[in-house]
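Below is one structure, written out as structure tokens; the observations come after it.
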Amino acid sequence: MMSESKDFLRTIVEEDLKSGKNREIITRFPPEPNGFPHIGHAKSICINFGIASDYQGHCNLRMDDTNPTKEDTKYVEALKDAVQWLGFDWGNKVYFTSDYFPKIYDYAKELIKMDKAYVDSLTEEEIREYRGTVTESGKRSKYAKRTIQENLDLFERMKKGEFKDGEHVLRARIDMSAANMKMRDPLLYRIRHAHHFRAGDEWSIYPMYDFAHCLSDYIEGISHSICTLEFENNRDIYNWVLDTLGLELPRPYQYEFARLNINYTVMSKRKLLELVNSGQVSGWDDPRLPTLAGYRRRGYTPESIVNFCDQIGIAKANSMVDVSQLEFCIRDDLNKKVPRVLCVLDPLKVTIENYEGSEEIDASYYPHDVPKEGNRAIPFSREIYIESDDFMENPPKGYYRLTLEQPVRLRHGYIITCKEVIKDADGNIIEIKATYNPESKSGSDSSGIKVKSAIQWVSAAAAKTIEVRLYDRLFKDEAPEGIEDINPDSLQVIKNALIEPAVITEKPDERFQFERQGYFYADPIDYTDEKPVFNKIVGLKDSWAKKTKATENAPKVQAKKVHIDGEVTAMNEAQKVLFDKYTGEFGLNSEVANTLARDEDLSSFYEASLSVLNSPVGLANIVTNEVARELKQMQVSELKFTAKQIAELVKMVDDETISNKIAKQLFEEMVKTGENPTQIVEEKGLVQISDPAKIEPIIDEIIAKNPDNVAKFKAGNTKLLGFFVGQALKATGGKANPKVVNSLVADKLK
RNA sequence: UGGGGUGUGGCCAAGCGGUAAGGCACUGGUUUUUGGUACCAGUAUUCAGGGGUUCGAAUCCCUUCACCCCAUCCA
């Protein structure tokens with residue numbers, strides 16, 4: 001299950017289970033079948049199916065198919081496929097919003113009968129105008145005055161198909177001047193004479209998302225309706241519909257999380273579509289795309305994607321995850337699963353002059369640290385190929401591979417030494433003449449030669465030619481806008497790579513690690529026995545490349561963001577008078593005086609308490625800091641405690657009956673119950689302990705129990721003072737006088 | 001500009017008044033016949049900025065700033 005810390009959604013779910021709000025957790029994954037699923041969908045799938053399974057509930061796969069002009073059955077297949085591929089189970093059926101059209105229609109009639117919905121006949125442009133803007137309120141359509149009977153009749157005829165598209169719509173009667181634009185009489189139904197891929201031609205009206213979604217959730221008994229952040233404003237409609245209809249509890253509630261963004265790619269359906277349609281990529285399953293079909297074709301495993309989704313967490317902050325996180329996940333998964341084989345991408349011929357004949361070398365498919373069995377024979381002969389990069393005439397410092405002076409081991413084979421470099425007319429190296437040491441064979445090496453590395457190679461005679469497709473990030477920009485940011489080198493095709501024969505003849509797997517290079521996948525579509533094709537899934541980490549390019553990646557000194565301070569709104573005359581009185585007469589600091597003076601509720605509460613107890617500073621502090629918090633959430637009249645009680649509380653602090661810490665606890669209590677603070681103190685015995693003699697033994701005990709922290713403290717970690725004070729306070733139930741504890745602890749640890 | 005959200009290292013992200021979790025990335029080191037893996041170590045005197053309350057603030061209060069979403073008969 002999950003690791004130590006829960007995300008906010010699981011926290012909510014657990015609370016709801018605990019409080020009895022829900023007995024069962026039912027979620028849903030509700031895509032619109034109008035595009036191919038991408039890794040952002042995977043995140044949503046993992047959240048919805050993951051939460052359901054964590055709490056022994058279930059998750060419905062539901063197609064949100066309310067717009068007949070955009071949706072298609074091929075997308076529902078792709079969506080089903082994606083969920084299944086990721087390893088989740090949607091039970092025995094796929095749900096469709098279109099199956100609920102009759103019920104949703106009935107609910108609409110309910111609303112009309114309650115006079116909470118009306119048929120509007122404004123044009124599209126008029127509706128837009130009437131809606132107003134974010135700063136100006138809108139105005140209601142004249143058609144909103146129609147009678148219930150008229151509305152019922154019109155709605156019925158809309159359904160029957162008596163009107164043309166756009167002639168009428170059904171709207172909720174909410175509030176045309178709502179600050180939330182979504183609540184300005186949202187549309188519930190529109191006329192659409194279109195063929196629906198499932199419902200056929202039965203309907204000529206279709207419900208809007210805001211109306212259909214909450215009802216579909218309700219119909220299915222969803223407990224937690226989890227969607228992305230852009231629907232936050234729609235939550236009000238969601239609640240309005242369910243509440244107004246007075247539906248039986250439990251009903252679903254909506255929660256939102258931030259959608260996934262990954263750098264160097266795009267995630268919106270629109271931009272993805274643009275890439276496919278413009279031919280920038282080969283199709284929806286192009287391995288460079290963040291579509292699930294793309295990752296799958298590239299060779300990513302579902303496990304790696306699910307793991308990635310788990311790792312990135314769930315929160316509400318818009319963020320952009322680094323691709324390296326995804327790359328880590330696929331490497332991590334494949335590392336423990338796939339066979340290692342030898343492949344040469346850019347071959348350089350090596351003739352081993354002192355070798356005659358041929359032999360087969362037995363080699364394991366897996367390295368010592370991967371607990372899997374399996375091996376194959378690698379043919380070896382006089383003529384072999386190595387990677388061009390693995391030989392250098394003038395190597396830089398730290399180069400471990402073959403050079404004129406430096407021998408190298410052929411992986412699983414012998415150590416060779418370079419004798420001669422053959423070049424063409426242009427000076428390009430075309431062949432190496434080398435010798436091998438017969439005593440150096442891997443596993444039975446008695447040569448005593450030390451080499452710095454082992455390189456991949458293939459026998460010239462036995463190697464198979466394969467096509468290898470190397471993929472790089474699709475965009476050169478971290479946050480690409482569009483096609484203009486495309487990386488022109490995102491695809492490199494190597495037609496004549498050479499691979500050891502067992503990979504082709506034995507087919508031990510579909511995914512391989514080509515040693516020292518990366519993970520590769522036999523392309524599920526283009527691969528044939530005559531012409532094998534492999535896709536590069538991801539490269540191995542390459543600390544050599546990193547070193548050689550260190551200068552490029554190293555310096556990125558970021559300028560600290562300059563912070564601009566805005567202007568504070570000026571106080572009006574009355575506020576100024578108060579402010580002067582507070583700072584002058586009462587001796588409050590300007591910040592507290594400022595807060596009080598600007599808020600009428602606060603200042604009158606303050607003055608009321610002040611008339612009971614003459615402790616201007618103490619009262620001001622608690623009113624500004626504690627009472628203010630409560631007043632953010634409710635009216636003065638709703639407060640359970642009174643100004644007089646606050647005065648009582650402050651009095652006890654003033655005469656040191658209680659500490660500030662206890663005062664806060666008391667305040668919390670008063671907020672909830674409205675009980676008198678003196679009474680609570682009496683009942684619970686919260687009088688502060690200031691006698692050092694009583695506190696000392698407690699501190700001694702804590703010091704004895706935490707020798708590590710004592711040592712750290714004495715070594716200079718003074719932050720730990722808080723730890724000791726905290727422990728002491730905890731031990732006394734908060735009653736110890738923190739000032740006394742503080743000085744005592746400081747003393748003892750000196 | 002009205003409303004709704006969000007700001008914690010290079011990138012994600014815990015934390016909700018008492019020692020700034022964890023992962024990725026990065027830097028050293030050990031192991032290694034993959035410059036891989038694994039393992040060990042290092043990396044935030046500080047939580048968007050500024051004030052305030054408190055013995056003690058990333059957490060509470062005030063204030064400023066930045067970014068995202070909302071004016072589709074899309075979802």
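First the proteins, then the strands, lettered A, B, ... as listed; each starts at 1. Nothing here was measured: the structure is a model prediction, and the numbers come from that model. Computation of the quantities below employed the complete heavy-atom set of this structure, encompassing side-chain atoms and omitting hydrogens, waters and symmetry-equivalent molecules.
- Each of B:rU53, B:rC62, B:rU37 was ranked by its minimum atom distance to the side chain of A:Thr595; first place goes to B:rC62.
- Taking the six-membered ring for Trp and the full ring otherwise, A:Phe713 and A:Phe723 have centroids separated by 6.0 Å or more.
- Evaluation of atom-type donor-acceptor distances gives no pair under 3.5 Å for the side chain of A:Arg235 against the base of B:rG4.
- Residue-level contact check: A:Asn709 touches the bases, meaning some heavy atom is under 4.0 Å from a base atom.
- The A:Ala315 side chain lies nearest to B:rA13 when the options are B:rC70, B:rA13, B:rG36.
- With B:rC70, B:rU19, B:rC55 as the candidates, the nucleotide lying closest to the side chain of A:Lys712 is B:rU19.
- Side-chain atoms of A:Arg409 come within donor-acceptor range of the base of B:rU33, with a qualifying N/O pair under 3.5 Å.
- If you check distances only, the side chain of A:Asn742 does reach the base of B:rC55 with a donor-acceptor pair under 3.5 Å.
- Comparing the P positions of B:rG22 and B:rA44 gives an interatomic distance of 13 Å, to the nearest angstrom.
- Side-chain nitrogen and oxygen atoms of A:Lys632 include at least one within less than 4.0 Å of the OP1 or OP2 phosphate oxygen of B:rC62.
- Under the Watson-Crick or G-U wobble criterion, with both distances below 3.5 Å, B:rC67 is paired with B:rG5.
- Look at A:Lys719 and you'll find a side-chain N or O under 4.0 angstrom from OP1 or OP2 of B:rA20.
- With a 6.0 Å radius and a threshold of 12 heavy atoms from other residues, nucleotides or ligands, A:Lys730 has its NZ atom at or below the threshold.
- In this structure, the nucleotide among B:rC69, B:rU34, B:rC74 sitting nearest to the side chain of A:Glu230 is B:rC69.
- A:Ile658 is listed as a side-chain neighbour of A:Val653, based on a closest heavy-atom distance under 4.5 Å.
- Here the side chain of A:Glu515 is nearest to one of B:rA13, B:rC61, B:rU34, namely B:rU34.
- Under the Watson-Crick or G-U wobble criterion, with both distances below 3.5 Å, B:rC26 is paired with B:rG42.
- Side-chain N/O atoms of A:Asn589 include one lying less than 4.0 angstrom from OP1 or OP2 on B:rU53.
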Using the rule given for side chain to side chain contact (heavy atoms under 4.5 Å, CB included), can you reason through A:Ile314 versus A:Phe8, listing the C-alpha separation, both sets of side-chain angles and the distance that settles it, and then say yes or no? CA-CA 7 Å; A:Ile314 309 167; A:Phe8 77 99; 4.0 Å; yes
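- Of the two residues near RNA chain B, A:Ser442 and A:Thr135, the one whose nearest nucleotide lies more 5' is A:Thr135.
- Nucleic acid contact for A:Leu588: none, since no nucleic acid atom lies under 4.0 Å from a heavy atom of the residue.
- By the 5.5 angstrom centroid cut-off and the 30-degree plane limit, A:Trp544 is classified as stacked against the base of B:rG35.
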From CA spacing to verdict: side-chain hydrogen bond (donor to acceptor under 3.5 Å, both in side chains), A:Glu256, A:Gln254: CA-CA 7 Å; A:Glu256 312 86 13; A:Gln254 177 185 305; 3.0 Å; yes
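- Distance noted for atom C1' between B:rU54 and B:rG17: 9 Å (whole Å).
- Rounded to a whole angstrom, the distance from the C1' atom of B:rG50 to that of B:rG7 is 16 Å.
- Counting atom types as modelled, A:Arg411 pairs no side-chain N or O with a base atom of B:rU34 as donor and acceptor under 3.5 Å.
- Residue side chain A:Gln513 does not reach the base of B:rG36 through any donor-acceptor N/O pair under 3.5 Å, judged by distance alone.
- Of the listed nucleotides (B:rG3, B:rC73, B:rU34), B:rC73 has the atom at the smallest distance from the side chain of A:Arg131.
- Separation of the C1' atoms belonging to B:rG56 and B:rU19 is 13 Å when rounded to the nearest angstrom.
- A salt bridge links A:Arg629 with A:Glu668: at least one charged nitrogen is closer than 4.0 Å to a carboxylate oxygen.
- The phosphate of B:rA75 has OP1 or OP2 within less than 4.0 Å of a side-chain N or O from A:Thr66.
- When the C1' atom is compared between B:rG9 and B:rA13, the two are found 12 Å apart, to the nearest whole Å.
- Stacking between A:Phe723 and the base of B:rG18 is absent under the criterion of ring centres within 5.5 Å and planes under 30 degrees.
- When heavy atoms are screened at a 4.0 angstrom cut-off, A:Asp599 is found touching no nucleic acid atom at all.
- Judged by distance alone, with hydrogens and angles left aside, A:Asn625 brings a side-chain donor or acceptor within reach of the base of B:rG52, the pair sitting under 3.5 Å.
- At a cut-off of 3.5 angstrom, counting only N and O atoms as typed in the model, there is a donor on one side and an acceptor on the other between the side-chain of A:Asn233 and the base of B:rG3.
- Among the protein residues, A:Tyr414 comes within range of no part of the nucleic acid, since none of its heavy atoms lies under 4.0 Å from any strand.
- Look at the C1' atom in both B:rC67 and B:rU59: the space between them is 22 Å, to the nearest Å.
- For B:rG52, the OP1/OP2 oxygens have no side-chain nitrogen or oxygen of A:Thr624 closer than 4.0 Å.
- A side chain to side chain contact (heavy atoms under 4.5 Å, CB included) with A:Val321 is found for exactly one of A:Asn263, A:Ile39, A:Ile312, A:Asn261, namely A:Ile312.
- Heavy-atom nearest nucleotides on RNA chain B were determined for A:Pro367 and for A:Gly726, and the one closer to the 5' end corresponds to A:Gly726.
- Listed pair A:Lys546 / B:rC26 meets the phosphate criterion, a side-chain N or O lying under 4.0 Å from OP1 or OP2.
- For A:Arg516 and B:rG35, the shortest distance from a side-chain N or O to OP1 or OP2 is below 4.0 Å.
- Comparing B:rG5, B:rC70, B:rC24 against the side chain of A:Leu229 picks out B:rG5 as the nearest.
- When each of A:Arg401, A:Arg409, A:Arg411 is tested with A:Asp390 by the rule salt bridge (Lys or Arg N to Asp or Glu O under 4.0 Å), just one qualifies, namely A:Arg401.
- Taking atom P in both B:rA48 and B:rA58, the straight-line distance is 10 Å, to the nearest Å.
- When the side-chain nitrogen and oxygen atoms of A:Thr69 are compared with OP1 and OP2 of B:rC74, none of them lie within a distance under 4.0 Å.
- Minimum atom distance to the side chain of A:Val725 is reached by B:rC55, of the listed B:rU64, B:rC55, B:rA71.
- A donor N or O paired with an acceptor N or O is not found under 3.5 Å between the base of B:rG4 and the side-chain atoms of A:Lys316.
- As judged by a 4.0 angstrom heavy-atom cut-off over every strand, A:Asn335 is placed among the base-contacting residues.
- Note on A:Lys6: every side-chain N or O is 4.0 Å or more away from OP1 and OP2 of B:rC16.
- Within a 6.0 Å sphere centred on NZ of A:Lys316, heavy atoms belonging to other residues, nucleotides or ligands number more than 12.
- Within the 4.0 angstrom heavy-atom criterion, base atoms lie near A:Val169.
- For A:Arg128, a side-chain nitrogen or oxygen approaches OP1 or OP2 of B:rU72 to under 4.0 Å.
- Looking at the side chain of A:Ser543, the nearest of the listed nucleotides B:rA48, B:rG35, B:rG2 is B:rG35.
- Comparing B:rG52, B:rU64, B:rU34 by their nearest atom to the side chain of A:Glu591 picks out B:rG52.
- The base of B:rG36 does not come close enough to the side chain of A:Asp542 for any donor and acceptor atom to sit less than 3.5 Å apart.
- An OP1 or OP2 oxygen of B:rA75 is reached within less than 4.0 angstrom by a side-chain nitrogen or oxygen of A:Arg190.
- Side-chain contact check for A:Glu515 versus A:His412: some heavy-atom pair is nearer than 4.5 Å.
- The C1' atoms of B:rA75 and B:rC11 are separated by 30 Å, rounded to the nearest whole Å.
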